[in-house]
Every structure is written in C-alpha cells, then in structure tokens.
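Naming: A, B, ... by sequence-line order, numbering from 1 per chain.
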Amino acid sequence: MAYWLFKTEAGTFSWQDQLKAGPKGEEWSGVRNSLAEKHMRAMKIGDLGFFYHSGDERRIVGVVRVVAESHPDSTDAQGRWQCVDVEAVDAFPKPVTLADIKATPRLTNMVLVKNSRLSVQPVTPGEWDLVCRMGGFQMPHKR
DNA sequence: GCCAACGTTGGC
DNA sequence: GCCAACGTTGGC
C-alpha cells in the first residue's frame with residue numbers, strides 16, 4: 001500500500017466537492033503534467049492520499065482513498081492523459097498547514113516542500129504517520 | 001539535441 | 001502583485 005498527496009485549489013475542486021461525490025468517488029481529472037500522471041498510473045485500489053488545498057488555504061484537510069486505478073481522463077478529448085478515481089475517507093480533525101509542515105524538521109523533505117508545483121505526489125510511510133498524528137487523524141474502523 | 005523565450009503554478 | 005521553479009515550445 002502506498003501513500004500520496006493530491007493538490008487542488010478549493011475554488012476549483014474542494015474537499016466539500018469530494019464529500020459530495022460519496023463512496024463512488026470522483027475522477028481526479030485535469031492533471032496535465034507527466035510526472036503527476038505517472039504517480040497516478042502507479043496507484044492501486046486502496047492506496048491512501050492526503051487532500052491538500054493550495055492557494056489561500058495551503059493545508060491538508062482530509063484523506064482520500066483510491067477506488068479506481070488509472071483510466072483515460074474523461075476531460076481529455078484526445079484520450080492521452082490518465083487519471084484515477086478517489087473517494088473521501090474522512091476530514092482531518094485539525095487541518096495541517098503548509099507552515100506546520102515547514103516548521104517540522106522531519107517533514108522538510110516532503111515533496112510538498114521540495115517541489116511545490118507538483119500536483120500529485122508520493123508520501124513516505126513515515127511522513128504519512130506523522131502528518132496524521134499532527135492532524136489528529138485515525139483511520140475509521142470498518143464494520 | 002540544445003537552449004532561450006515564454007507560460008503556468010503556487011507560495012509569499 | 002511579485003517572482004522562483006518548472007515545463008513546454010520552437011528556432012537553430
């Protein structure tokens with residue numbers, strides 16, 4: 001199982017929009033960067049990702065799960081780009097801001113800090129655990 | 001195949 | 001509003 005980070009402007013596609021999509025999830029469409037796309041092609045069903053609001057907010061607001069592996073992006077008329085589908089898992093009780101991350105020595109190697117323009121990024125297990133703890137987030141139990 | 005020019009992203 | 005970082009384009 002791998003961990004990722006998905007970046008979006010709240011004005012374009014927000015956490016609220018993701019919640020509205022429900023358990024069927026929503027295409028993470030519109031990515032037109034080959035490295036970001038490569039990360040999506042590597043994703044497997046069940047992989048988890050942070051949901052990050054860029055722009056004014058600049059914070060991780062929740063967790064999403066991959067529910068469909070890469071397939072053609074429906075917003076690409078040429079059929080050249082691929083994307084995955086993700087569903088909302090849960091919001092962070094305490095959103096973790098970019099400033100929090102930059103102020104945490106163990107997180108300064110995150111891609112979010114090193115390559116701020118990449119819209120879909122890998123996250124290491126260590127980074128994942130620490131950020132979840134900072135956000136007061138625990139995976140909900142299945143029933 | 002190189003690289004200058006240009007456009008976009010996103011943090012500040 | 002600015003600008004650094006990065007990707008893409010196009011002339012050579």
Side-chain angles (χ1 to χ4, degrees), chain A residues 1-140:
Chain A
M1 226 238 334
Y3 299 107
W4 310 94
L5 183 145
F6 295 87
K7 209 163 41 173
T8 174
E9 292 238 23
T12 305
F13 184 79
S14 69
W15 175 250
Q16 286 303 318
D17 295 326
Q18 183 68 60
L19 283 177
K20 274 184 223 148
K24 279 176 57 188
E26 183 86 18
E27 268 192 327
W28 200 263
S29 58
V31 171
R32 299 293 182 268
N33 172 283
S34 48
L35 182 54
E37 187 208 25
K38 186 181 145 200
H39 292 319
M40 287 201 283
R41 285 177 185 264
M43 291 179 190
K44 302 292 181 197
I45 286 176
D47 280 2
L48 297 173
F50 291 133
F51 193 105
Y52 177 84
H53 277 164
S54 61
D56 290 342
E57 289 192 41
R58 299 193 298 282
R59 56 188 181 179
I60 294 169
V61 294
V63 170
V64 290
R65 180 192 286 116
V66 175
V67 291
E69 291 175 14
S70 72
H71 56 80
D73 180 333
S74 69
T75 66
D76 173 24
Q78 327 265 299
R80 191 162 94 71
W81 295 94
Q82 302 259 124
C83 68
V84 297
D85 293 2
V86 298
E87 64 160 344
V89 174
D90 234 332
F92 263 26
K94 294 181 295 175
V96 175
T97 68
L98 180 62
D100 293 335
I101 288 169
K102 288 188 166 176
T104 305
R106 284 177 54 204
L107 297 177
T108 50
N109 283 322
M110 280 188 77
V111 181
L112 191 64
V113 177
K114 294 280 176 187
N115 183 2
S116 61
R117 287 190 48 194
L118 186 62
S119 64
V120 180
Q121 318 174 352
V123 171
T124 69
E127 292 162 353
W128 182 268
D129 290 343
L130 182 50
V131 171
C132 284
R133 231 177 305 140
M134 290 165 65
F137 175 83
Q138 284 185 300
M139 282 299 288

Mind listing the N/O atom pairs, protein and nucleotides 2-5 of chain B, below 3.5 Å?
none

Practice item. Before accepting this row, confirm whether a basic side-chain N of the pair A/D17/A/K20 lies closer than 4.0 Å to the acidic partner's carboxylate O. Key: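 So A/D17 pairs with A/K20 through a salt bridge.
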May I have the distance from [X] (atom [atom1]) to [N] (atom [atom2]), rounded to whole angstrom?
X: A/L5; N: B/dT9; atom1: CG; atom2: P; answer: 17 Å
X: A/E57; N: B/dC12; atom1: CD; atom2: P; answer: 15 Å
X: A/N33; N: C/dT8; atom1: CG; atom2: P; answer: 6 Å
X: A/Y52; N: B/dT9; atom1: OH; atom2: P; answer: 15 Å
X: A/R32; N: C/dG7; atom1: CZ; atom2: P; answer: 17 Å
X: A/K7; N: B/dG10; atom1: NZ; atom2: C1'; answer: 7 Å
X: A/R59; N: B/dC12; atom1: CZ; atom2: P; answer: 15 Å
X: A/H53; N: B/dG11; atom1: NE2; atom2: P; answer: 12 Å

Review point. When the C1' atoms of the five terminal pairs at each end define the local axes, what inter-axis angle does the helix from B/dG1-C/dC12 to B/dC12-C/dG1 show, to 10 degrees?
Key: 10°
With sequence neighbours excluded, give me every ring-ring contact (aromatic ring centres under 6.0 Å, His included) pair touching [range].
range: residues 84-110 of chain A; result: A/F50-A/F92, A/F92-A/F137
range: residues 95-122 of chain A; result: none
range: residues 93-124 of chain A; result: none
range: residues 64-91 of chain A; result: none

For residues 124-134 of chain A, which side-chain N or O atoms pair as donor and acceptor with protein atoms under 3.5 Å away, sequence neighbours left out?
residue: A/T124; atom: OG1; partner: A/E127; partner atom: N; Å: 3.1
residue: A/T124; atom: OG1; partner: A/E127; partner atom: OE1; Å: 3.3
residue: A/E127; atom: OE1; partner: A/T124; partner atom: N; Å: 2.9

**Study point:** All side-chain hydrogen bond (donor to acceptor under 3.5 Å, both in side chains) counterparts of A/E27, not counting sequence neighbours
**Key:** A/S74
Check your understanding: For A/E26, what residues pass the side-chain hydrogen bond (donor to acceptor under 3.5 Å, both in side chains) criterion, not counting sequence neighbours?
Key ->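 A/E26: no side-chain hydrogen bond (donor to acceptor under 3.5 Å, both in side chains) contacts found.
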Review point. Is there a residue in residues 109-121 of chain A whose heavy atoms reach under 4.0 Å of DNA chain B, and which residues are they?
Key: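 When residues 109-121 of chain A is checked for heavy atoms under 4.0 Å from DNA chain B, the hits, listed by number, are A/S116, A/R117.
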Review point. If you look at every strand shown and take non-hydrogen atoms under 4.0 Å, does A/L98 touch a base, only sugar-phosphate, or nothing?
Key: sugar-phosphate
**Study point:** Those residues that, when tested against A/R117, pass salt bridge (Lys or Arg N to Asp or Glu O under 4.0 Å) (two or more places apart)
**Key:**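 Salt bridge (Lys or Arg N to Asp or Glu O under 4.0 Å) list for A/R117, sorted by chain: empty.
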Review point. How would you list all residue pairs meeting salt bridge (Lys or Arg N to Asp or Glu O under 4.0 Å) that involve residues 84-106 of chain A, not counting sequence neighbours?
Key: A/R65-A/E87
Point to revise | Any side-chain donor near an acceptor of the partner, A/R32 and A/T75, under 3.5 Å | key: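 Indeed, the side chains of A/R32 and A/T75 share at least one donor-acceptor pair under 3.5 Å.
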